[in-house]
Structures are given as structure tokens and as C-alpha cells.
Amino acid sequence: MTQQPLWWQKGIIYQIYPRSYQDSNNDGIGDLPGIRQRLDHLQSLNIDAIWLSPIYPSPMHDFGYDVADYVGINPLFGTMDDFDTLLADVHARGLKLIIDLVPNHTSDEHAWFQESRSSRDNPKRDWYIWHDPAPDGGPPNNWRSFFGGPAWTFDKATGQYYLHQFVTQQPELNYRHPDVLPAMLDVMRFWLDKGVDGFRVDVIWLMIKDAQFRNEPPNPDWDGVDPFNSHRHIYTQNMPEVHDLIRQMRAVLDAYDERMMVGEIYLPYDELMAYYGPNFDECHMPFNFHLIQAKWQAQNIRQLVNSYEAALPAGATPNWVLGNHDQHRIATRVGVDQARVANMLLLTLRGTPTTYYGEELGMVDGHIPPAFIQDPPAVNQPEIAHIIGRDPERTPMQWDGSVNAGFSGETAVPWLPVADNYKTINVAAQNEDLTSMLNFYRALTQLRRDEPALHVGSYQDVEANNENVLAYVRESVEGNGRSFLILLNFSGEPQQVNIKDLGTTTRIILATDMQRTGELALANFTLAPNQGLILQL
Ligand code: TEU
Ligand code: CA
């Protein structure tokens, strides 16, 4: 009766930030042939799909999220042949490849925008969002850019402002114009015809803006840090009309076999669920970023997981994300000692996990000296660069202990400095150490792949009678295979746990330290500091 789960419903997604993964030609920038050289590593992680951040031609004002040509490959990353070869090799290994689609905005160097800005009566003028100045000559309204300053830039030649919610070089497409979405659907078909398995869709919840350009109201809960948050973005985000666009995008995917899209959406759970679509006809999955934003405390996470589970429509595929190229790394956010607990959580919760490259090593944010800061929000707003800057989580992958960590040749200059700890935290060193984070990650992903309870089973929270411990059971729905109790100590202190009603003894299948084994009496036992256990019931 139950349908076989599809690859994106049971698998693990691994995000590669191509600039930072592997540089094959020593120009300091990671590239497609570099990724191809690392497929053995990727396969050894037991992941199922690779998601590549943008690889399109781009002037790189936002490191590729400013796309100048949706159907090309940036020469920095390689050629279309390199892409085709990578795709074929990924598929030959039984893996899937997802690419980043950035439909909300283009680069100002995209041919469409070049035409649009050339004159007010150009046929592509209204492919972008142009507006007359306010009566005082200033911006049309109070909309702000995520990256600091107004979301409007004045174009002298034609006397109007254009909208950009990110850098000024990222003008936003106008999806109220009837020709824009069809053009983007053609872009999707181009890549689907090549054989890509799906898309991660950038800022999908921003794709359509208020038709009346109303001012946004102040945010009474603003913490005073990032000026972008000083207003409530009720006219630039999550507009009701966006769902119709997404349904049309989904229809393109549905004309192919087993392709998927996962939407980048930062919203509370009640609003997030709408992006599955009333008939599961929108995103296959709207990204669930709540673990990134949550206070790292066992009861808080328990409440968060339960509220997600409760909000999910029946039959929806859940998903969990611990980090991405916009967020400080998990080991930096919760501490190196908690990183294993965090990964055990990610990989044993119900739903598709996404791992950001380097998390399998427990990589931490790199230290970026002020002269190296490149990320636009940090460059534009130096006073809060240490909070909002995204360079630290984008430092090169740490492959070995050589100069430049094996990312680039020893004489190259990587585009961002390698993190300080690369001599000990790297793939080569961790490969040799049986209890390393890397080998722990592999054990976890192997177990998740082998056990139906973990990749498709049910979730039930359990009372551990200790506020620092999160406990839950994963049970195989069909009743075949083993069931597991997961216990996670969110604190740096030993914790007493007492679990009733689950039988008396259980067997440890995997421990975060890769050492604790044996049987455990559930009535009363101690979890070591920062310890997580997977127990067979
Ligand atoms: O991110 C959109 C986005 O919402 C982020 O800017 C986020 O709010 C911020 O980093 C703080 O969490 C996407 C891409 O992931 C990002 O890299 C791009 O810069 C942005 O869109 C524009 O394309
Ligand atoms: Ca390179």
C-alpha cells in the first residue's frame, strides 16, 4: 500500500559551494573538474545527492547569485563539457545532481537587463521592476536591501529606479509580466533535458512583490542589529501570488521523471507549509531552516521538532538543514563538542537531511582578516560584518595538512584564506582516525541508509526526565527492520537519564564518541557530556 520512497524522500543532500571545494588549476577558485576529482570522497559519505551553488557566468558581485547567463557555465568553474562530464560521472556513481536556480533576480550584466535598461520603450523594459522616483526624487518607497541600504537604485539614463533586494547589481525580474515566467521555465527545461535531477530554488518566497508598492511597516520586535530587520517585509516576501508561479514551475518538473525542487524559504512553520502546495503541487520540499535559527537547548529543540511534525500536512516529506553558505557553521554556532550531537540529530530526525560541505569534518568558521572581507553585506556594513558576514563559512574545504589544505596548489592564493585548524581538521587526517568526526559521519549515514526506521520510519518524542536531554524513537512503519531510541545530551555535563515504558535494556548501535558500546538499562543511566547514542530497542 505504501509507495516506495523516492530518492529525495529517503536520501541525503550534500551542498557544495563550488568556489570553495577543490581548485584544479591553481587559480585559487574551486571548479567543476575539482569537484570531479573528489567524487570518491563524496561517495564515501553515503550521501545521495549533490547540490551545487551557482556555476553560471556571473560578474560575481554576489559570488554567482548574480547570474549573467542562465544556460552557460562560468569559465572560472570550467566549460559546459566539464559540466556534462561531471553530471555523467555523478550519475555513474548512482548519485543525483541538483543545481541552484536563481529566478528572482539576474545580474545587471544579463542580456535581458541590458535591454531593459536601454530605454523606457524597450520590449524588455517591464521584465524588471522599474518605478518613477518619489515626489522628492528619492526611492519610490521604503523597501530595503538584505545587504544594506535601499532596495532601489536610480538609473540616470532612463530616469527611473529599479528594484534589487540584494546587491545593486542584482535587478529583480518582474513576474507580473507575462513573458518572464515562460522564459524561466525554458531555463529549467534546458537543464532538465541535460539530465539534472532538480533545483534548489533561490529565495523562491520573494519572487513576487506587492503590485501597489506599499511601504513596509516598522518591526516592533527589531533587535537593533541588522537594519534590514527594522521593517516587517509584508510587501516583498511571501505574497499570495507567488504560489501560482511555483505551481507552474512544478508542472515543468512533473513532465520529467523523478526530478525535484527544494525552495529556499525562511518562514515560520504555519506559513512554510503552504509551499508544499494544497495538492502537493508546489515545492517537493520547502527548506526547513529552523534548526539554524533555534536556541540550542534540548527542550527548545524538542518543542521545535514537535511543532514541525504537527504542522506538516499528512504525506509531506519533511527535511532538516543544519547549515548553508549563508549561515555560520554548526560547530561555530553550538561548539565543536556539540557538532557530533547536532549531526546525530540531523541524520536521525524524520526527513531529508542537508549537509553543508565540510560539516562531515566538523569544520568551523574561518577567521577573515578585515582586508579579506568579500561578502557584500559585510563590505557594505562593516560595523556588523562580524555578525552578518558570510565569508567565514565559505572558506576552502580542508582536504589535507599541506599548505592551502589540498584545496589549491601550494603556490596558489585561495580566494578566501583556509581556516586555521586545517592541519588537524582535514579529510586525510580524519580518514586515518577510526573515531574521527568524518568516520562518525560515515557510520551515521551508513546506518541511516541501512535502516528503514531511520530513513522512512515514524518519529515519536520520549520523556527523558532531564531538561538537557532530547529523546525520541524512530520506528519502521511497515514493522520490518529495527526500531531505535535516540538520546542526545545537549550539555557539556554528564546527565542522568531515566526512561520508563520502553523495556528495560537496549543495545548501543552508535555513540558520538564511536567508543561506547554494550547494553544499557533504560531505568537509570548516565550520558557523558555532549554524548549522543543510537540504541536498538
Ligand atoms: O539567500 C537569501 C537570504 O535570505 C539570505 O540572504 C539570508 O537572509 C542571509 O544570508 C542571512 O541568513 C539567497 C542565497 O542563499 C544567498 O547566498 C544570496 O546572496 C541571496 O539569496 C541572493 O541571491
Ligand atoms: Ca580553479
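Counting starts at 1 for both ligands and their atoms, following the listed order. Being a predicted model, the structure only gives us computed values, none of them experimental. Positions are given from 1, in the same order as the sequence printed here.
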Handout entry: Geometric class of the Trp152/Trp143 ring pair [parallel <30°, tilted 30-60°, perpendicular >60°]
Key = parallel
Exercise for the section: Output the distance between atom CG (Asn288) and atom OH (Tyr269), rounded to the nearest 0.5 Å. Expected result: 3.5 Å
Exercise for the section: Compute whether any side-chain donor of one residue and acceptor of the other, for His325 and Tyr65, lie under 3.5 angstrom apart. Expected result: yes
Practice task
Within a distance under 4.0 Å of any heavy atom of Arg390, pick out the atoms of ligand 1 and give their elements.
Solution key: 6 (O), 10 (O), 16 (C), 17 (O), 18 (C), 19 (O)
Practice task
Looking at Asp31, pick out the N, O or S atom nearest to the Ca ion (ligand 2) and give its name.
Solution key: OD2
Practice task
Using a 4.5 Å cut-off on heavy atoms from C-beta on, say whether the side chain of Val196 contacts that of Lys96.
Solution key: no
Practice task
May I ask whether Arg394 has any heavy atom positioned less than 4.0 angstrom from an atom of ligand 1?
Solution key: yes
Exercise for the section: Would you mind listing which atoms of ligand 1 come within a distance below 4.0 Å of any non-hydrogen atom of His105? Expected result: 22 (C), 23 (O)
Problem - the Ca ion (ligand 2) contact by Ser408, N, O or S atom under 3.0 Å - result: no
Exercise for the section: Could you see which bit of Arg200 sits under 4.0 Å from ligand 1, with heavy atoms only: side chain, backbone, both or neither? Expected result: side chain
Exercise for the section: Classify the side-chain pair Asn238/Glu271 by whether it contains a donor and acceptor separated by less than 3.5 Å. Expected result: yes
Handout entry: For the Ca ion (ligand 2), the closest N/O/S atom belonging to Asp27
Key = OD1
Fill in the blank from the handout: Counting heavy atoms under 4.0 Å, the part of Asp202 that contacts ligand 1 is side chain
Handout entry: Smallest separation among heavy atoms of Ser230 and Arg144, with atom names
Key = OG-CD, 4.2 Å
Exercise for the section: Determine which of the N, O or S atoms in Asp23 is closest to the Ca ion (ligand 2) and give its atom name. Expected result: OD1
Practice task
Classify the ring geometry between Tyr128 and Phe113 as parallel (under 30°), tilted (30 to 60°) or perpendicular (over 60°).
Solution key: perpendicular
Practice task
Say whether Asn141 and His131, considering side chains only, have a donor N or O and an acceptor N or O under 3.5 Å apart.
Solution key: no
Completion exercise
Under 4.0 Å from one or more heavy atoms of Val203, ligand 1 contributes atoms 2 (C), 13 (C), 21 (O)
Handout entry: atom 5 (C) of ligand 1: the protein heavy-atom neighbour that sits closest, reported with distance to 0.1 Å
Key = Asp326 OD2, 3.9 Å
Practice task
Please confirm whether Phe147 comes under 4.0 Å of ligand 1, counting heavy atoms of the residue only.
Solution key: yes
Fill in the blank from the handout: Closest to atom 1 (O) of ligand 1 among protein heavy atoms sits Glu264 OE2, 3.0 Å
Problem - Any pair counted as ring pair (Phe, Tyr, Trp, His ring centres under 6.0 Å), so long as it reaches residues 401-423, sequence neighbours left out - result: Phe63-Trp415
Handout entry: Metal proximity, Gly34 vs the Ca ion (ligand 2), N/O/S cut-off 3.0 Å
Key = no
Exercise for the section: Please determine if Gln327 has a nitrogen or oxygen closer than 3.5 Å to a nitrogen or oxygen of ligand 1. Expected result: yes
Handout entry: Pair His164, Gln169: side-chain N/O donor-acceptor within cut-off below 3.5 Å
Key = no
Handout entry: Sub-3.5 Å N/O-N/O distance, Trp205 and ligand 1
Key = no
Problem - Side chain, backbone, both or neither: Gln293 near ligand 1, heavy atoms under 4.0 Å - result: neither
Handout entry: Those atoms of ligand 1 less than 4.0 Å from some heavy atom in Phe146
Key = 4 (O), 8 (O)
Problem - Residue Tyr65 vicinity, atoms of ligand 1 by number, heavy atom under 4.0 Å - result: 17 (O), 18 (C), 23 (O)
Handout entry: Lys NZ or Arg CZ of Arg333 over Trp296 ring: under 6.0 Å, within 45°
Key = no
Fill in the blank from the handout: shortest atom 19 (O) of ligand 1-to-protein heavy-atom contact is with Asp62 OD2, 2.6 Å
